[in-house]
Enquirer: 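Pasting a structure here, questions to come.
Residue numbers count from 1 along this sequence. Whatever order the structure lists them in is the order used to number ligands and atoms, beginning at 1.
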Amino acid sequence: MYLKALEIQGFKSFPDKTVLNFGEDITAIVGPNGSGKSNISDAIRWVMGEQSAKGLRGAKMEDVIFGGTEKRAQVGFAQVTLVIDNTEHIFPTMEESEVAVTRRYYRSGESEYYINRQSVRLKDVTELFMDTGMGKEGYSIIGQGKIDEILSAKSGERREIFEEAAGIAKFRHRKEDAERKLERTEENLVRINDKISELELQVDPLRDQAEKAKKYLILRDELRLLEISLWLENLDALKAGRRKLEADFHAAEAERDQARAALDALYAEGEQYGARMQEKDMEAERLRAQVSQLETQAKEQESAAAVLEGTIAHNRETIQRVSSEMTESDTRAGSLAAQAAEQKEHAAELEGRIAEENTALEALLEKARSAAERADGRQSEAEALRGREAMA
Ligand code: ATP
């Protein structure tokens, strides 16, 4: 088998995509301890379907993904592709001259497998490598300490390794499968023989039962015929019943239509009565309002009449009092008239005296006036004399 190339990306110490092209001669990978040489053989074993994290020198499968360094962040998935030459058809099921097997693994735990970029199952990858000498448990990959392991392995495990190398593991597996099937078939055969012996014991009772069953079948057929004729009769009766029911139904429909029309008319009439009732109610309401208004007015008038009656009684009393007062006044008026006549006479007398007094007063006034005029003349004469005296 000729491994043509190995592509590694995000696997262990290979964060970047790294392609190793193997020449036709021997390829040796050399480097100091811890530089990543074994990671390359791990990558080959991993892409061929290795499921044990321990077998890949890790604690869990996620450890195969580049976990980051001080200078680089970790990556999300690891992917390895192994390209194998198939010009000599070492993979008989593959027609292509080159077979590329890819495995991808995400941190989420999701795995993907591809053969020539076609998505496949792990089983397909395992079967592809079976008997090519490249099986993951084969001798083709011999890691550190593997030789010791092979030499100290139990004879069965050693045989497994050599059988895979010789390409007969597939046939051994098939043989084991066939042997298991044969064993199961033999067990089934024993069970079937037991069953046959059991069944043989049941043959006579089963024969009776079969007779009974035959009879039952004949009777069942008869019963079925009878049932059918009974059903046919019932069917005729039912049909006649249905026709009658249909006629009744139509008659009932016509009656229902009439009743509906009558009901509609009654509803219309009812509505008219309702409207009239409403009008009457409104009228009654109006009349009730009028009555209560009239009652209020009557009450008001009654109280006004009571007030008036009181006033009349009071006025009557007043009239009586006034008339008695008037009588009194009349009496007093008589005496007053006499007094007035007396006074009038007295007044006339006084008036005569006043007129006389006035005339005398007038004469006196006249005298006073002329005396004043004379006094004024004497004063101006005195002033003239005082003026002359001052000059002298
Ligand atoms: P030795 O000579 O001891 O066998 P080696 O050259 O084969 O060493 P490997 O064992 O292949 O080296 O590689 C070990 C290196 O791979 C270590 O430096 C380790 O830190 C690194 N390594 C392994 N797994 C991861 C990972 N998931 N992420 C980053 N680096 C990893």
Enquirer: Quick one: which of G67, G34, G10 has a heavy atom closest to atom 17 (C) of ligand 1?
Expert: G34
Enquirer: Going by the order shown, which atoms of ligand 1 are within less than 4.0 Å of some heavy atom of S35?
Expert: 5 (P), 6 (O), 12 (O)
Enquirer: Looking at E211 and K215, is there a salt bridge between them, counting it only when a charged N and a carboxylate O are closer than 4.0 Å?
Expert: no
Enquirer: Taking both backbone and side-chain atoms of G36, is any N or O found less than 3.5 Å from an N or O belonging to ligand 1?
Expert: yes
Enquirer: Would you mind checking if D204 and R207 are paired as a salt bridge, meaning a charged N to carboxylate O distance below 4.0 Å?
Expert: yes
Enquirer: Report the C-alpha separation of K299 and S303 in whole Å, then their side-chain angles, then the decisive distance to 0.1 Å, and conclude whether the side chain to side chain contact (heavy atoms under 4.5 Å, CB included) test is met.
Expert: CA-CA 6 Å; K299 273 185 195 145; S303 54; 6.0 Å; no
Enquirer: Walk me through whether Q297 and Q293 qualify under side chain to side chain contact (heavy atoms under 4.5 Å, CB included).
Expert: CA-CA 6 Å; Q297 281 176 5; Q293 204 182 346; 4.2 Å; yes
Enquirer: Which ligand 1 atoms are under 4.0 Å away from a heavy-atom of P32?
Expert: 6 (O)
Enquirer: Can you list the atoms of ligand 1 that are under 4.0 Å from a heavy atom of S38?
Expert: 4 (O), 5 (P), 7 (O), 11 (O)
Enquirer: Under 3.5 Å between any N/O of V64 and any N/O of ligand 1: does that happen in this structure?
Expert: no
Enquirer: Should one rank R57, K37, K12 by closest heavy-atom distance to atom 10 (O) of ligand 1, which comes out on top?
Expert: R57
Enquirer: Do the side chains of R369 and E366 get close enough for a salt bridge, i.e. N-O under 4.0 angstrom?
Expert: yes
Enquirer: N/O of I65 under 3.5 Å from N/O of ligand 1, yes or no?
Expert: yes
Enquirer: Table please: side-chain donor-acceptor pairs of residues 94-107 below 3.5 Å, with sequence neighbours left out.
Expert:
| unit_1 | atom_1 | unit_2 | atom_2 | d |
| --- | --- | --- | --- | --- |
| E98 | OE2 | K4 | NZ | 2.7 |
| T102 | OG1 | T81 | OG1 | 3.1 |
| R103 | NE | Y113 | OH | 3.3 |
| R103 | NH1 | W46 | O | 2.8 |
| R103 | NH1 | E50 | O | 2.8 |
| R103 | NH2 | Y113 | OH | 3.3 |
| R104 | NE | Q79 | OE1 | 2.6 |
| R104 | NH1 | Y106 | OH | 3.3 |
| R104 | NH1 | E112 | OE1 | 3.0 |
| R104 | NH2 | Q79 | OE1 | 3.0 |
| R107 | NE | V75 | O | 2.9 |
| R107 | NH1 | E62 | OE2 | 2.9 |
| R107 | NH2 | F66 | O | 3.0 |
| R107 | NH2 | Q74 | OE1 | 3.3 |
| R107 | NH2 | V75 | O | 3.1 |

Enquirer: Assess whether a salt bridge exists between D248 and K244, defined as any Lys/Arg side-chain N lying under 4.0 Å from an Asp/Glu carboxylate O.
Expert: yes
Enquirer: Please work out, at 4.0 Å between heavy atoms, whether the side chain, the backbone, both, or neither of D42 comes within that distance of ligand 1.
Expert: neither
